[in-house]
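Notes follow the structure.
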Amino acid sequence: MLSFAFICALFVHVSHLQHQLDQYKTRLNDYDIIQRPGMHVLQLKGDRAVEEKPELQYSLQKFQNIHPESVNNSAKHRKMILVYNRVPKTGSESIMLLLRDLAARNNFAFYKDRARMVEHVTLNESELENELQLIDSFQPPAVYVRHVCYINFTTFNKTQPLYINMVRDPVERVISWYHYVRASWYIVNRQKNFPKMPPPSVPWLRKDFETCVLNRDVECRYTEGTKVPGFAQLTHFFCGQENECRKFNTQAALQKAKENVERYYSVVGVLEELNVTLAVLEHYIPRFFRGARDLYWGEIKRFSKVNRNAFKPSIPERIKEMVRKNFTREIEFYKFCKRRLYKQYAALKLEA
């Protein structure tokens, strides 16, 4: 049961959010729901969207001589186990739902980690051993989904699975996370799932992102070399389980994350370039993603509404620029992943 005090606090919070919504947001129509960066809609037919070819930010001419095999790690793996160590607030709920639907169509098993009161993405020795045994026990073909940092199976004498993930503009991602954990529906679900978890305070709920940044609150400080809260570090998920990977915006974490992506990730998609991402996933990992684009675009309203936070206010550009100054290497990694995705797309020569 939710306490009376918590319900009152939540009511105050929802009222405040509604006020923000009236200030910052106009009512969404059907076109707004599906219009995102990287999605170029021709027309709507009921719940189905027909998309244009993506407008590429990188010229395909730069990558015209690339052969698909040279940018395809999938062929190097012998065991058809796909690990999606999903980064929060990168469209991972939609991709996870897509994989769940594709499992029935493409005949593979789908496994998702259980919800936890405290999400541990860096595992201790016992947790790591359990995770390795669990994934290694799956009968191929299978997909496993969890918020967890990259694990190198070869260091434990186990067969390396296929890896995929998604990225997003790092600053937009932390802003999204900041408001996501303050959303009323998220808080209610957490309290229902974990009744012993203490409810958040009203001051914390009502604190806006701009104030958090300007006051240099711990939650919005993003200091280089520290361990930042709230999954703010994108590179952590790709760098791995080592302690150096947990240090924010460092050269060591950046370099290791890049190396792991190049060596072990079949595809790292980009939320802002979803058309390109789905095309690359479908062509480079067809065993799991065959038919992904038709399925996604055929039921666009269902997929695009997953975890959508209608109460997220707009943030002034000057505040975003302040935060970006602390995200230099995180942004470099994001751009690295985007360029790699476009190389993979260009190698397919789908524009020809």
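In this text the structure is predicted, and so the values were computed from the model without any measurement.
Looking at Lys335 and Glu332, no side-chain N of the basic residue comes within less than 4.0 Å of a carboxylate O on the acidic one, giving no salt bridge. Between Lys338 and Glu272 there is no salt bridge, since no side-chain nitrogen of the basic residue lies less than 4.0 Å from a carboxylate oxygen of the acidic one. A salt bridge is absent between Glu330 and Lys247; no separation between the charged side-chain nitrogens and carboxylate oxygens falls under 4.0 Å. Glu172 and Lys89 are not joined by a salt bridge, as no carboxylate oxygen comes within less than 4.0 angstrom of a charged side-chain nitrogen. Electrostatic pairing of Arg329 and Glu224 counts as a salt bridge here, judged by a charged N lying under 4.0 Å from a carboxylate O. Under 4.0 Å is where a charged nitrogen must lie from a carboxylate oxygen, and between Arg324 and Glu317 at least one such pair does.
Ring geometry for Phe238 against Tyr265 counts as tilted: the plane angle lies between 30° and 60°, on a 0 to 90° scale. Ring orientation note: the planes of Phe138 and Tyr144 are tilted relative to one another, at an angle of 30° to 60°.
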Run the side chain to side chain contact (heavy atoms under 4.5 Å, CB included) test on Val83 and Ile135 for me, step by step, so that the C-alpha distance in whole Å, both residues' side-chain angles and the decisive distance to 0.1 Å come before the verdict.
CA-CA 8 Å; Val83 174; Ile135 297 172; 4.1 Å; yes
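A donor-acceptor pair under 3.5 Å links the side-chain atoms of Thr277 to the main chain of Glu273, judged by distance alone.
Neither side chain, Thr90 nor Arg168, offers a donor N or O lying under 3.5 Å from an acceptor on the other. Counted by atom type alone, Asn249 and Thr328 present one or more donor-acceptor pairs between their side chains at under 3.5 Å. At a cut-off of 3.5 Å, with distance as the only test, a side-chain donor of Thr122 or His236 sits close to an acceptor on the other residue.
A cation-pi geometry, defined here as NZ or CZ lying under 6.0 Å from the six-membered ring centre and within 45° of its normal, does not hold between Arg290 and Phe288.
There is a path of hydrophobic side-chain contacts, each under 4.5 Å, that joins Leu82 to Tyr264. No single ILVMFWY cluster, assembled from side-chain heavy atoms under 4.5 Å apart, contains both Val181 and Val218.
Between Val87 and Arg173 the shortest side-chain heavy-atom distance falls below 4.5 Å. Annotation: side chain of His283 is in contact with side chain of Leu350 (closest heavy-atom distance under 4.5 Å). Looking at heavy atoms from C-beta onward, Glu119 lies in side-chain contact with Asp113 at the 4.5 angstrom threshold. Between Tyr178 and Asp208, the closest side-chain pair of non-hydrogen atoms is not below 4.5 Å.
How far CD of Gln191 is from CE of Met197: 4.5 Å, rounded to the nearest 0.5 Å. Rounded to the nearest 0.5 Å, atoms CG (Asp101) and CE (Met96) are 11.0 Å apart. Note that the CD atom of Glu127 and the CD atom of Glu125 stand 11.0 Å from one another [nearest 0.5 Å].
Aromatic pair Trp177/Phe209: ring centres not closer than 6.0 Å. Ring centers of Tyr163 and Tyr84: at least 6.0 Å apart, outside the cut-off.
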Donor-acceptor pairs under 3.5 angstrom involving side-chain atoms of residues 148-157: please list them, not counting sequence neighbours.
{"unit_1": "Tyr150", "atom_1": "OH", "unit_2": "Gln160", "atom_2": "NE2", "d": "2.8"}
{"unit_1": "Asn152", "atom_1": "OD1", "unit_2": "Thr154", "atom_2": "N", "d": "3.0"}
{"unit_1": "Asn152", "atom_1": "OD1", "unit_2": "Thr154", "atom_2": "OG1", "d": "2.4"}
{"unit_1": "Thr155", "atom_1": "OG1", "unit_2": "Asn152", "atom_2": "O", "d": "2.8"}

